[in-house]
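Throughout, a chain's letter reflects where its sequence line sits, starting with A, and its residues are numbered from 1. These numbers were taken from a predicted model, which means no experiment stands behind them.
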Amino acid sequence: MKILLILVSGIFVNNFILSKFLGICPFLGVSKKLDTAVGMGVAVTFVMTLASAITYIVQYAILNPLNLEYLQTIAFILVIAALVQFVEMVIKKTSPTLYMALGVYLPLITTNCAVLGVTILNIQNEYNFIETIINGAAGALGFTLAIVLFAGVRERLELSDIPKPLQGFSIALISASLMAISFLGFSGMI
Amino acid sequence: MINAILIPVVILGVMGLIFGAGLAVAAKKFEVKQDERIPLVRAELPGANCGGCGYPGCDAMAEAIVKGEAPANGCPVGGAKVAEAVGKILGEEVSEEEPKVASVLCSGDCDHAPRRAEYYGLKDCNEAVIANGGPKDCRFGCIGLGSCVNACMFDALSMGEKGLPVVNIENCTACGKCAATCPKSIIDLIPKSQVIHVNCQSKEKGKIVRSSCSVGCIGCKACTKVCPEEAITVTDNLAKIDYEKCVQCGACVEKCPTGAIVKEIR
């Protein structure tokens, strides 16, 4: 039951982008086309889930026994950076097109605050190992959902008649805020 | 005191080492082996990533050329110059093909082809066509919302005053993006020296064409009789020129009763 609760909370209620406002950079940067948005979502999902698992081990097997909790941030960044490098290699091998499309935003997952956010929140909420992984996956799925929905919105915005002062990023930010408001409808569900 | 500094340093250092070693192993495993000619070929290609060759971008094309899956002159944008340079890298002779150019095969502008409805939706032909085939009377005619203009990456298409796209032959590289995006398949790639076109795509019977457009092909076959080279055939009420046979004499242009066959002025 708790696992289901974490899933719903991560994907909808406490969506990382639309209610915690973490990871806005790729959200605005890679949401121009639907297929690259999906690719970004998959890459972040992989990194976030794996990072959750590994940081859990790092926290409870290394940092806590040695009373080095204050190294949490730097140790977690180390884990995430290594993981992103790994994902980059896999994508370069399997899909050069996606690699080109993601461009600079792929290494930037390293500094994606949503990834660091989820790993630190896992520890703060005192989740056990299974819950940690579920929370990581749920947060990542929420990220994917938001970025894919937003890419769909932006693809249609490209074709619409938009007043000149609002064209480009301004209308994108306004639509993002409207999406965030609509996601507020989930608050109070849990 | 010294331990308080040493332990974190050692721990982080060891962690870094482990991850580094892991990445090194992964890098070996996921290494992308590349033929050294691929970057050379890639450097010769235009780098527009238009996809006109049928491959997703110039990188994929360069790889396909080196592997022998694509012909050395497969890049429609680069033309003969690029083909020659690529051929040099691969050490093979490259045959020359006549360059092609995109052509808008519809004359139904707002003076000649009436509309049956007004369209207020998204400014995109592929969206408009969902609404009962678009706003024009003619089912085959240009919708005129400029999806092809947006698709063009070389600034070779612009929207004319009368609601039909105009091709700038100087800029056109025959990548075929416009032809692929047009929901009515009005744009076609034809040899550059070909100046006589049948500017109509309507396969309707003559009577229906006449009621929906004043410059449509009604399938009267007058052009087939007047052509000295027998280059024109009429199938499905639509005249078609065989570009291999056509000698650009212009007899059909004069004969055509509706003006659907035109001689392009360059």
Put together the list of donor-acceptor pairs under 3.5 Å connecting chain B with chain A, please.
residue	atom	partner	partner atom	Å
B/Glu31	O	A/Lys93	NZ	3.4
B/Lys123	N	A/Leu159	O	3.2

What's the shortest heavy-atom distance between [X] and [Y], and which atoms?
| X | Y | value |
| --- | --- | --- |
| B/Ala26 | A/Met89 | C-SD, 3.8 Å |
| B/Leu23 | A/Phe86 | CD2-N, 3.7 Å |
| A/Leu78 | B/Leu12 | CD2-O, 4.0 Å |
| A/Leu68 | B/Pro8 | CD2-CG, 3.9 Å |

Chain A contact via B/Ile11 - side chain, backbone, both or neither, heavy atoms under 4.5 Å: side chain
Could you look at B/Ala4 and say if it's the side chain, the backbone, both or neither that has a heavy atom under 4.5 Å from chain A? backbone
Top of A/Val79, A/Leu66, A/Leu63 for chain B proximity - count of heavy-atom pairs under 4.5 angstrom: A/Val79
Against chain B, label A/Val58 side chain, backbone, both or neither, depending on which of its atoms sit under 4.5 Å from a heavy atom there.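 A/Val58 touches chain B through side-chain heavy atoms alone.
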For A/Leu173, does the CG atom have more than 12 heavy-atom neighbours from other residues, nucleotides or ligands under 6.0 Å away? yes
